Amino acid sequence: MSTPESNEPPVVELADEPRRHRARVGIAVAVAVLLVGGVLALALWPEGEPSPTAVLAEVREFVDDSRTATFEVLSESSTEPDAGDVGHSSTSRSRATGRLRLPDAAYAQIEDGDWVTELISIGNDQYTREAGDTHELQDTQWVKWSVPEAGDDGATDGAAPPGAALEHMVVDTATSVLSSLSAGTVTELDVLLDRLKDPERLDGNRIRATATVADLVPDEMQRTVEEMQAQFETETAADDESVDLDPQFPSFDARVTATIEYGPEGRLDVLELQLVDDTDDERSTHRDVIRFADWGKPVSIEPPSADRIDETPHVDEEKLAKVQQRYPVFAATAPPDGWKLLSLYVEDRDEESETCESVSVEYGREDDQDAASEEDPPAIEVVTVEPGCTWLNDNLPDMSTARQVRVGTFTARLIADAEDNYFTFLSEGLTAVLDIRGTTVVAASNLPEAQFLQVLRTLAPIDLARQPIAAAPV
């Protein structure tokens, strides 16, 4: 899908800098329906100019009347240690182009140097796909995400609150609440412009206003993140060594500054957003410059055709097929009763971090995916590692205390430790390492040993047609 041409002014490219991680902007956006109603009268400012408050009202009215536009977003995110502290600094940049149809539809193509992402958002349905470049992107299927209908909390006129999709899809990372900025912001212009406060004039055609993060996300999301933070702090206080992650939770008091450049009749030309968030030991800054054009012109935003939507995005069939041309990938032919294949993904070989290519197959009960629990639900993970990997022994856990256990026609080395297993997400349980005709298989589970070994006896080259595959997560 291509982005239509626009009459936007030239964009000054930002200087390239090393990036630490991929900036995934805009994939977890909220779609809100909050209309600014009524015609607002303009108060006059000295020398016949409208006041900043009147200008903001006129811009809101223009956006509400026009409803469609094309846009370009330049985004920059950076982190740095607090003044006087020693730490790591990083900067990432991305560019998005697309089109908008308020109140509930947008298309965007996002480039961050490492990846190209496409996003279509229509009502409560969102479609995303990503690839290494635009050519590869055209051969990639879409993934559909359906945002659940919102309740009364944070909603207006029954509409989904700002951040509903964000909460549903990625709130487990906590800091993603700050993604209320970036390319997704263009689908929330009604909400954003309505919630800006204290406008002031900068010069002839620019005003500045502010809002807090708390102003832009629903109360329900704030409570969710605060509960996560409290749980994390409780677990850390109980046992520091049991917590592997150290998430930086966002401050809902962090202030968003919006600079608006406008034209005749309140036409919104440029919206610059900046958010600065100070945590315990670092400062993060996010800045978006959104340029609009073609206001009021017809735009086409349609969902992908059914044959272009991946019904099993949690199973990477294409990568699996390529791997199987080089070596066998093993899976359980008889997982426990009622269990299904929850995910299959291929981890690429990484020369820089010296990690091997591997194919991970995870099994569990489908109903456990959304179950609220502080402990890992029962699961089995079977990982096939590429043969001849130079770093294999470095990737394996310490097997010096392993027991030799017969598993069907094979012998497994078994240790009572999953936490030290690089290949598994499990925080506790057993790890078994098998050599199956020259291919290393690393399996982990928090099931009892006898049940775990019974499943391992059924290992065979995977046949997806015979695997009980769970439904795609929504």
Side-chain angles (χ1 to χ4, degrees), residues 1-6 22-31 68 70-73 94-149 160 164-166 168-170 179 182-184 186-187 298-325 340-346 348 359 366 369 462-465 467 469-474:
M1 184 177 294
S2 60
T3 302
E5 296 181 359
S6 70
R22 295 191 308 219
R24 297 185 178 272
V25 296
I27 299 180
V29 302
V31 179
T68 61
T70 59
F71 62 85
E72 179 175 59
V73 186
S94 65
R95 176 177 177 268
T97 57
R99 48 193 178 270
L100 164 71
R101 186 177 67 229
L102 292 173
D104 65 351
Y107 164 82
Q109 180 170 297
I110 305 153
E111 303 174 25
D112 69 358
D114 297 327
W115 286 84
V116 179
T117 301
E118 271 188 300
L119 162 72
I120 298 174
S121 182
I122 303 175
N124 284 341
D125 294 332
Q126 296 175 26
Y127 307 84
T128 60
R129 62 179 181 176
E130 62 181 11
D133 54 49
T134 54
H135 178 74
E136 182 184 349
L137 189 68
Q138 302 310 309
D139 297 326
T140 303
Q141 288 188 300
W142 293 85
V143 176
K144 179 180 180 180
W145 305 91
S146 293
V147 182
E149 295 288 343
L166 185 66
H168 180 67
M169 294 168 62
V170 291
S179 293
S182 77
V186 296
T187 65
V299 299
S300 175
I301 302 172
E302 302 296 336
S305 59
D307 63 332
R308 298 297 296 152
I309 298 175
D310 187 357
E311 297 294 339
T312 55
H314 51 311
V315 177
D316 197 336
E317 295 95 342
E318 292 184 8
K319 276 194 171 183
L320 172 64
K322 293 178 181 178
V323 168
Q324 287 179 306
Q325 295 175 4
K340 294 185 178 181
L341 190 156
L342 301 180
S343 69
L344 184 154
Y345 67 92
V346 179
D348 294 330
V359 183
E366 196 168 11
Q369 294 185 80
I462 190 169
D463 180 358
L464 283 180
Q467 288 285 317
I469 300 177
V474 293

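Because the structure is a prediction, the values reported are computed rather than measured.
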Enquirer: Tell me, do Ile462 and Val359 make a side-chain contact under 4.5 Å, heavy atoms counted?
Expert: no
Enquirer: Run the side-chain contact (heavy atoms from CB on, under 4.5 Å) test against Glu111 and tell me which residues pass, sequence neighbours left out.
Expert: Arg95, Gln109, Val116
Enquirer: Do Thr312 and His314 come within less than 4.5 Å of each other through their side chains, counting heavy atoms only?
Expert: yes
Enquirer: Out of Glu118, Arg99, Arg101, Glu302, which residue meets the side chain to side chain donor-acceptor pair (under 3.5 Å) rule with Tyr107?
Expert: Glu118
Enquirer: More than 12 non-hydrogen atoms from neighbouring residues, nucleotides or ligands closer than 6.0 Å to CD on Glu317, yes or no?
Expert: yes
Enquirer: Please lay out, stage by stage, how Asp125 and Lys144 fare under the test side-chain contact (heavy atoms from CB on, under 4.5 Å).
Expert: CA-CA 7 Å; Asp125 294 332; Lys144 179 180 180 180; 3.7 Å; yes
Enquirer: What distance separates Leu119 CG from Tyr127 OH, expressed to the nearest 0.5 Å?
Expert: 11.5 Å
Enquirer: Before accepting this row, confirm whether a basic side-chain N of the pair Arg129/Asp310 lies closer than 4.0 Å to the acidic partner's carboxylate O.
Expert: no
Enquirer: Mind listing the closest non-hydrogen atom pair of Leu344 and Leu464 along with its distance?
Expert: CD1-CD2, 4.3 Å
Enquirer: Could you report the tightest heavy-atom contact between Pro313 and Val143, atom names first, then the distance?
Expert: CB-CG2, 3.6 Å
Enquirer: Is the closest side-chain heavy-atom distance between Ile110 and Asp112 below 4.5 Å?
Expert: no
Enquirer: Assess the residue pair Thr140 and Glu318 against the criterion (side-chain contact (heavy atoms from CB on, under 4.5 Å)); give the C-alpha distance rounded to whole Å, side-chain angles, the decisive distance to 0.1 Å, and a yes or no.
Expert: CA-CA 10 Å; Thr140 303; Glu318 292 184 8; over 6 Å; no
Enquirer: Any idea which heavy atoms bring Ala108 and Phe71 closest together, and the distance?
Expert: CB-CZ, 4.0 Å
Enquirer: Backbone N or O of Ala471 within a donor-acceptor pair of the Glu366 side chain at under 3.5 Å?
Expert: yes
Enquirer: Looking only at heavy atoms, what is the nearest atom pair of Asp316 and Tyr345, with distance?
Expert: CB-CA, 4.5 Å
Enquirer: So which heavy atom on Arg308 is nearest to which on Pro304, and how close?
Expert: CB-CB, 4.4 Å
Enquirer: To the nearest 0.5 angstrom, please state how far the CG atom of Asp104 sits from the OG atom of Ser121.
Expert: 7.5 Å
Enquirer: Which residues pass the side-chain contact (heavy atoms from CB on, under 4.5 Å) test with Asp139, sequence neighbours left out?
Expert: none
